[in-house]
Amino acid sequence: MENLLKAKIKQAVEVLYNCSVAEELIQIQETRKDFSGDFTLVVFPLLRFSKNTPENTGETIGSYIVDKFPAISGFNVIKGFLNLEISNLWWKEYFTDLAGSKSLFEKCRVEKPETILVEYSSPNTNKPLHLGHIRNNLLGYSLYRILSVCGHSVIKTNIVNDRGIHICKSMIAWQRFGNGETPQSTGIKGDHLVGKYYVIFEREYRLQAAVLVQQGMDVAKAKNEAPLMAETREMLLKWEAGDPEVYNLWKMMNSWVYAGFDETYDKLGVDFDKIYYESDTYKLGKEIVLTALENNVLYKNADSSIWADLTSDGLDQKLLLRSDGTAVYMTQDLGTAVDRYREYKFDKNIYVVGNEQNYHFQVLRTILKRMGYDWAEGLIHFSYGMVELPEGRMKSREGTIVDADDLISEMQETARDVSLELGKLADFSDVEKEEIFRKIGLGALKYYILKVDPRKNMTFNPAESIDFNGNTGPFIQYTYARIKSVFRKAEQLGIKEEINSLSEAKVGVKEIEIVKLLRRFPETVSASAAGYSPALIANYCYELAREYNQFYHDFSILGETDQSIRNFRLILSRVTSEVIYNGMWLLGIEMPERM
RNA sequence: GGACCUGUAGCUUAAUUGGAUAGAGCAUCUGGCUACGGACCAGAAGGUUGGGGGUUCGAGUCCCUCCAGGUUCACCA
């Protein structure tokens, strides 16, 4: 419709003012709700052609369009805005097409599909997942679905930080203080057990350093020379050298962690097509660094550490190999990127990583480009904001980290409490009920996190997150469940859809209002793909649900005596439920048939 | 100190990328079921978009400058 209007307006300006107009000057937008009309032309940019006041120009163009374009039933001009009214018949015909279309995503397909890797989650194997990871996983997974329905070929990847000094810390602590504990012997989930030893390491290490400081050593030196830290460094060297004892311990503890992660991913409803391990990719990283050193892209320090000098790009010096030859984080990221490109020849490699690493990715891309990898252009850092608590940032030192597993079960508990209190599920079995509680609890959590602009820091307010009223996941699920309830009733009454006669129904403004909203779905999906923002879809779903609820409240569907209107409303409800279902599906949120 | 980011009602947030009178939810107050589901709907109140300047027909959005907060610049990841 917009394109048609643009063409007509272009024609109008040519005929009326004898000038040809550039496409960008014709600005069409949906009319704001407080004004009458459907589409609005901003006339200011056209004044240079009309050489007249905004009002007169609007009037002139408006009359021309109404005259030449039967779908336009009227217009009004307010200040510099020409509001065009589309005939109800056009909307009803539009809706007829929509109701009969096979896929809601047809209009989202891009012309040139790309191969896109989406990396998300990226856990360290020394701690369980927390609230920050939840935002990461939900964003990554939703992005995967959004890009996929737009026609791209998307590969979900995860890079597991399974090596490095931090892993050795848990290992050392377990060796020293673990007494052979295992997930089996303790009944503790594997990732939580390993996390426990990471915490123990930090505690003991801090104690040792404090003792040294008390003996008169300065703080930096004490931190460096505490025996636990020395052992850890030694273990990392052994690990890189392939020492069998260290290697086996590492394998065992990592396997515990993976079992734990898999459980959490499963609960969250996310998965991966390809998992990379840094223990595999860091070697390639080292090779690449050494090759680049030979090619004089990098330089070697007197202590034989290897660096990139990025000062000419406005960045700093960056260490790529330590003086003892071991790899750092950046080294393995270089290796991973090259590895991935060799395997997939991706057009884009999207890293879903927090905004605290903005600098890291700037450096990564710069170094790869200097090394001559032109495809580094396609590395995209999808930089999302931190999740904070009402009291401020989560701090492990203060024990304010919100654990992912705990949070998921708490949300489910709350869903159970609320549902049981409302008592609408009496005729369900316990298993069925639990499934509904799960959908509601997770729906609330996911929606709460995904509705905010990913780029912004967000506050996670526990009290607010378990609210199921207003702009929440359960509100949207509830709207869906109500529509389903209407269908069940319709079936009982033997009322069937008649898709042929939709445009004859004498429906009111509210129905048309919803049709207008439904029309925005594909463009919302496209916009969320282009802007990497699931939040746009979340807010759209809410708006649609709210609009539908008003309609549902004010009008009867099955009780309507005019059959053509009843039929229109029934199909309107069906399409609305489909759009809500699919929109929420893009966010990874499941919809219960009843709740 | 350098670089980057953020600031919208008491709180959580939106704003079609420069368009009209800044839109919602929570909390507060008031009202609404003989109905297809009240996890709903309607109404009230709440704003100098951190301050100031500039560009523009038009600025929450772009530029400058202050103020406040955050992130980062590790032989951590």
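All values below come from the heavy atoms of this structure, side chains included, with hydrogens, waters and symmetry mates left out. Below, chains carry the letters A, B, ... as their sequence lines are ordered, and counting in each starts from 1.
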Task: Listed nucleotide nearest any side-chain atom of A/Asn358, set B/C41, B/C4, B/U13 - done: B/C4

TODO: Determine the Euclidean distance between corresponding C1' atoms of B/G23 and B/C66; express it in Å to zero decimal places.
DONE: 30 Å

TODO: Provide the distance between the two C1' atoms, one in B/G47 and one in B/A24, to the nearest whole Å.
DONE: 14 Å

Open item on the list: Tell me if the centroids of the rings in A/Phe551 and A/Tyr548 come within less than 6.0 Å of each other.
Closed with: yes

Task: For atom CG of A/Leu320 and atom P of B/C76, their distance in whole Å - done: 13 Å

- [ ] Name the nucleic acid region contacted by A/Ser419, choosing base, sugar-phosphate or nothing; use a 4.0 angstrom heavy-atom cut-off, strictly under.
- [x] base

Open item on the list: Can you confirm whether or not the ring centre of A/Trp239 sits under 6.0 Å from the ring centre of A/Tyr282?
Closed with: yes

- [ ] Could you check whether A/Thr459 gets within reach of a base, just the sugar-phosphate, or nothing at all, counting any heavy atom under 4.0 Å?
- [x] sugar-phosphate

Show me the protein contacts with nucleotides 67-71 of chain B, counting only N or O atoms at under 3.5 Å.
from: B/U71; atom 1: OP1; to: A/Arg393; atom 2: NH1; distance (Å): 3.0

Task: Donor-acceptor pair between A/Asn567 and A/Ser564 side chains, under 3.5 angstrom - done: no

Open item on the list: Both atom distances under 3.5 Å, Watson-Crick or G-U wobble: I'd like the secondary structure of RNA chain B as a dot-bracket string, with | for pairs made across strands.
Closed with: (((((((..((((.....[...)))).(((((.......))))).....(((((..]....))))))))))))....

Open item on the list: Are A/Tyr448 and A/Phe460 an aromatic pair, judged by ring center distance below 6.0 Å?
Closed with: yes

Open item on the list: Roughly how many Å apart are B/U12 and B/C33, using the C1' atom of each and rounding to a whole number?
Closed with: 31 Å

- [ ] Quick one: label A/Phe468 by what it contacts on the DNA or RNA (base, sugar-phosphate, nothing), any heavy atom closer than 4.0 Å.
- [x] base

TODO: Could you give the distance separating B/G7 and B/G50 at their C1' atoms, to the nearest angstrom?
DONE: 6 Å

- [ ] For the pair A/Tyr198 (side chain) and A/Met171 (backbone), establish whether a donor and an acceptor sit closer than 3.5 Å, ignoring hydrogens and angles.
- [x] no

Open item on the list: Once you apply a heavy-atom cut-off of 4.0 Å, does A/Ile165 come out as touching a base, just sugar-phosphate, or nothing?
Closed with: sugar-phosphate

Review item, nucleotides 15-24 of chain B N/O atoms under 3.5 Å of protein N/O:
from: B/G19; atom 1: N7; to: A/Gln27; atom 2: OE1; distance (Å): 3.1
from: B/A20; atom 1: OP2; to: A/Arg32; atom 2: NH1; distance (Å): 2.6
from: B/A20; atom 1: N6; to: A/Thr40; atom 2: OG1; distance (Å): 2.8
from: B/A20; atom 1: N6; to: A/Asn83; atom 2: OD1; distance (Å): 3.1
from: B/A20; atom 1: N1; to: A/Asn83; atom 2: OD1; distance (Å): 3.1
from: B/A20; atom 1: N1; to: A/Asn83; atom 2: ND2; distance (Å): 3.4
from: B/U21; atom 1: OP1; to: A/Lys79; atom 2: NZ; distance (Å): 2.6
from: B/A24; atom 1: O2'; to: A/Tyr542; atom 2: OH; distance (Å): 3.3

TODO: Determine the interatomic distance between P on B/G43 and the same-named atom on B/U55; round to the nearest Å.
DONE: 41 Å

TODO: For A/Ile440, report the nucleic acid contact type (base, sugar-phosphate, nothing); a contact means any heavy atom under 4.0 Å.
DONE: base

TODO: Describe the nucleic acid contact of A/Phe555 in one word from base, sugar-phosphate, nothing, applying a heavy-atom distance below 4.0 Å.
DONE: base

Open item on the list: Please give the distance between the P atoms of B/G2 and B/C64 as a whole number of Å.
Closed with: 16 Å

TODO: Looking at every strand, decide which applies to A/Asp316 at a 4.0 Å heavy-atom threshold: base, sugar-phosphate, or nothing.
DONE: sugar-phosphate

